[in-house]
Amino acid sequence: MNKPNKNKWTKKHLLSIEELSAEEIQIILDYAERFKEVLARPIPKVPALRGKTIVNLFSEPSTRTRSSFELAEKRLSADSLSLAASSSSFKKGESLVDTAKNIEAMRVDMIVIRHSSAGAARLVSEHVNGSVINAGDGMHEHPTQALLDIFTIKEKLGKINGLNVSIIGDIAHSRVARSNIWALKKMGANVTICGPKTLIPRQIGEMGITVTYDLASALKNADVINVLRIQLERQERGLFPSIREYIKHFGITKEVLEKHAKKNVLIMHPGPINRGIELSQDAADGEYSVILDQVTNGVAVRMAVLFLLNSIKLKSGENRIKTTAKTV
Ligand code: CP
C-alpha cells in the first residue's frame with residue numbers, strides 16, 4: 001500500500017476528472033485503499049470529518065451514488081443530510097444558485113450535487129465558499145464513478161497502466177464514459193470505445209482512444225469491459241433501430257464473451273443495469289463480474305474524496321474544526 005500524501009492535494013472541489021492530474025488521481029486511490037481497510041474494521045468509522053456538515057443535493061434519481069456518499073459521510077463522522085429535488089423548493093422554481101446559497105447559509109462545509117445540467121456543480125462552486133463535489137452533471141462527468149471504477153480495476157488486476165479497457169454502449173450521452181476515458185488515459189490504460197455510430201460522438205477519437213463499431217474487435221484484447229447502460233429514455237429519438245437490434249450487435253452475454261473475449265476479462269457496469277439488454281443475466285452475475293465490488297468500493301473512494309477536500313484549509317473561519325491525518 002502506498003503511503004498517502006495529502007500534503008500534495010490542492011483542490012478545493014472535485015468537479016471533473018479532466019482537471020485532475022495523474023498524481024492527484026493516485027492520491028485519491030491511495031487514500032481509498034486506506035479507507036477500505038477502515039471499512040473492514042468491526043467499527044468502520046473514523047472521526048476525520050467530525051464537526052463538518054455535508055449536504056447531498058440530488059435533483060436526479062440515484063441509488064448507488066447518493067447512498068454511498070451518505071455512508072461515506074457517516075463513516076467519516078460528518079453530519080449530513082440529503083435533499084431531493086422532488087421535496088425541495090426547486091419544485092417552486094428556486095434557482096440552483098439560490099438553493100446552494102441557502103444551504104450554505106446554514107453553515108454547511110461541503111455540497112455534493114447531482115444535476116441534469118452539465119456544469120451545474122461548477123456553477124455552484126462559483127457561488128459558495130465550501131467545497132463542491134460533482135456527483136454527475138448531465139452528460140458531462142461523473143468523477144467519483146470513474147475513480148471507483150479505476151480503483152476496482154487496480155484492486156483486481158494490480159495495475160491500470162498498459163491495460164486494455166473497452167467501454168461498450170451509449171458513449172454519446174454518458175458522463176460515466178467521459179470520466180472513465182479521462183481517468184483511464186491519465187493512468188496509462190489503452191481505451192477502446194464501441195457502440196452504434198449514432199451513440200458515439202464524432203470527435204471522441206481525438207481523446208487518444210480507439211473507436212470501433214464492431215463488438216468482436218472491441219472485446220478481442222480487452223482486459224476489462226465496462227458496459228454502459230442503454231438510456232432507454234433516448235430510444236424514442238430513434239438513435240438505434242430497436243432494442244432487439246441493439247442486443248444483437250452490442251449485447252454482452254456469456255456466449256459473446258466466450259466467443260470473443262479473453263477468459264478472465266473483468267466485467268464492469270456502473271449501474272443501474274438493464275438486464276437482458278446491454279448485459280445478460282449470466283454475464284452480469286458471472287464469475288468475472290465485479291459490478292458489486294464497484295459499489296462496495298464507491299464508499300471508500302468517496303470517503304477519500306471527502307477527506308482530501310476537507311484537508312484544504314478553507315478561507316479563515318470556514319474550516320471550523322481542523323482534522324489531522326492521525327484520524328485515519
Ligand atoms: N452509477 C450511478 O451513478 O448509479 P446511480 O444513478 O444509482 O447513482
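Counting starts at 1 for both ligands and their atoms, following the listed order. One is the number of the first residue; the rest follow in order along the sequence.
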- Note on the structure: In short, H140 meets G119 closest at the heavy-atom pair ND1-N, 4.5 Å
- Note on the structure: Of all protein heavy atoms, the one nearest atom 1 (N) of ligand 1 is P270 O, 2.8 Å
- Message: Under a 4.0 Å threshold between the charged nitrogen and the carboxylate oxygen, would R66 count as salt-bridged to E70?
- Response: yes
- Atoms of ligand 1 less than 4.0 Å from Q145 heavy atoms? 1 (N), 2 (C)
- Query: Hey, is G136 one of the residues with a heavy atom under 4.0 angstrom from ligand 1?
  - Reply: no
- Query: Does the distance from a Lys or Arg side-chain N to an Asp or Glu carboxylate O, for R175 and D137, drop under 4.0 Å?
  - Reply: no
- Do any nitrogen or oxygen atoms of P272 lie less than 3.5 angstrom from nitrogen or oxygen atoms of ligand 1? no
- Message: Show the atoms of ligand 1 that are less than 4.0 angstrom away from any heavy atom in T65.
- Response: 2 (C), 3 (O), 4 (O), 5 (P), 8 (O)
- Does a side chain donor of either T212 or D214 reach within less than 3.5 Å of an acceptor in the other side chain? no
- Query: Where is the nearest protein heavy atom to atom 7 (O) of ligand 1: which residue, which atom, and how far?
  - Reply: T63 N, 2.7 Å
- Query: Donor-acceptor pair, S77 side chain versus V46 backbone, under 3.5 Å?
  - Reply: yes
- In this structure, atom 6 (O) of ligand 1 is nearest to the protein heavy atom R114 NH1, 2.9 Å
- Message: Check for me whether R114 meets the cation-pi criterion with F58, that is, NZ or CZ under 6.0 Å from the six-membered ring centre and within 45 degrees of the ring axis.
- Response: no
- Message: Below 30° counts as parallel, above 60° as perpendicular, anything between as tilted: where do the rings of F307 and Y31 land?
- Response: tilted
- Message: When you measure from the heavy atoms of E60 to every atom of ligand 1, does any distance fall below 4.0 Å?
- Response: no
- Task: Number the atoms of ligand 1 from 1 as they appear, then name those within less than 4.0 Å of a heavy atom of G271, with their elements.
- Result: 1 (N), 2 (C), 4 (O)
- Item | atom 4 (O) of ligand 1: nearest protein contact (heavy atom, Å) | R64 NE, 3.1 Å
